[in-house]
Amino acid sequence: MKKIELASGSPGRKELLTQIGLDFTVIKSDIEEKADMSLPVMDIPKELSCQKAVDVCKKLNSEDCVII
């Protein structure tokens, strides 16, 4: 069975998903965030989010959906 996993501890993201009625589980990433400082500043948050998503995906069933 597919599950929706939120790879973020953000209260705002959790609240948004709850408001739209999604059934999900929060699984926080435990990696140390390492920003590639050669990237443009606007790309760093996306890069860090992707790192977290990859970490959480490694812990899950391949059918699960990860939201960052």
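Side chains included, hydrogens not; waters and symmetry mates left out as well; all remaining heavy atoms used.
Note on Met37 and Leu39: same hydrophobic cluster, where clusters join Ile, Leu, Val, Met, Phe, Trp and Tyr whose side-chain heavy atoms are under 4.5 Å apart, directly or indirectly. Hydrophobic clustering of Ile, Leu, Val, Met, Phe, Trp and Tyr side chains at less than 4.5 Å, counting indirect connections, unites Val26 with Ile20. Linking Ile, Leu, Val, Met, Phe, Trp and Tyr whenever their side-chain heavy atoms come within less than 4.5 Å puts Ile4 and Leu6 in one cluster.
When all heavy atoms of Lys52 and Ile31 are compared, the closest pair comes out as N-CD1, 3.9 Å. Across every non-hydrogen atom of Ala53 and Ala7, the tightest pair is CA-CB, 4.5 Å. Of all heavy-atom pairs spanning Gln51 and Glu32, the tightest one is OE1-O, 4.4 Å. The shortest non-hydrogen separation linking Ile44 to Ala35 is CG2-CB, 3.7 Å.
Here the CG atom belonging to Leu48 is positioned 10.5 Å from the OG atom belonging to Ser29, to the nearest 0.5 angstrom. For the atom pair CG of Leu60 and CD of Glu5, the computed distance is 5.0 Å after rounding to the nearest 0.5 Å. Distance CD1/Ile68 to OG/Ser10: 12.0 Å, rounded to 0.5 Å.
Residues Lys59 and Asp64 are not paired through a salt bridge, judged by the lack of any N-O separation under 4.0 Å between the basic side chain and the carboxylate.
Enclosure of atom CG in Asp36 by more than 12 non-hydrogen atoms of other residues, nucleotides or ligands within 6.0 angstrom is indicated.
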* **Verdict with supporting geometry, Leu16 and Lys14, side-chain contact (heavy atoms from CB on, under 4.5 Å)** => CA-CA 6 Å; Leu16 286 171; Lys14 184 178 176 181; over 6 Å; no
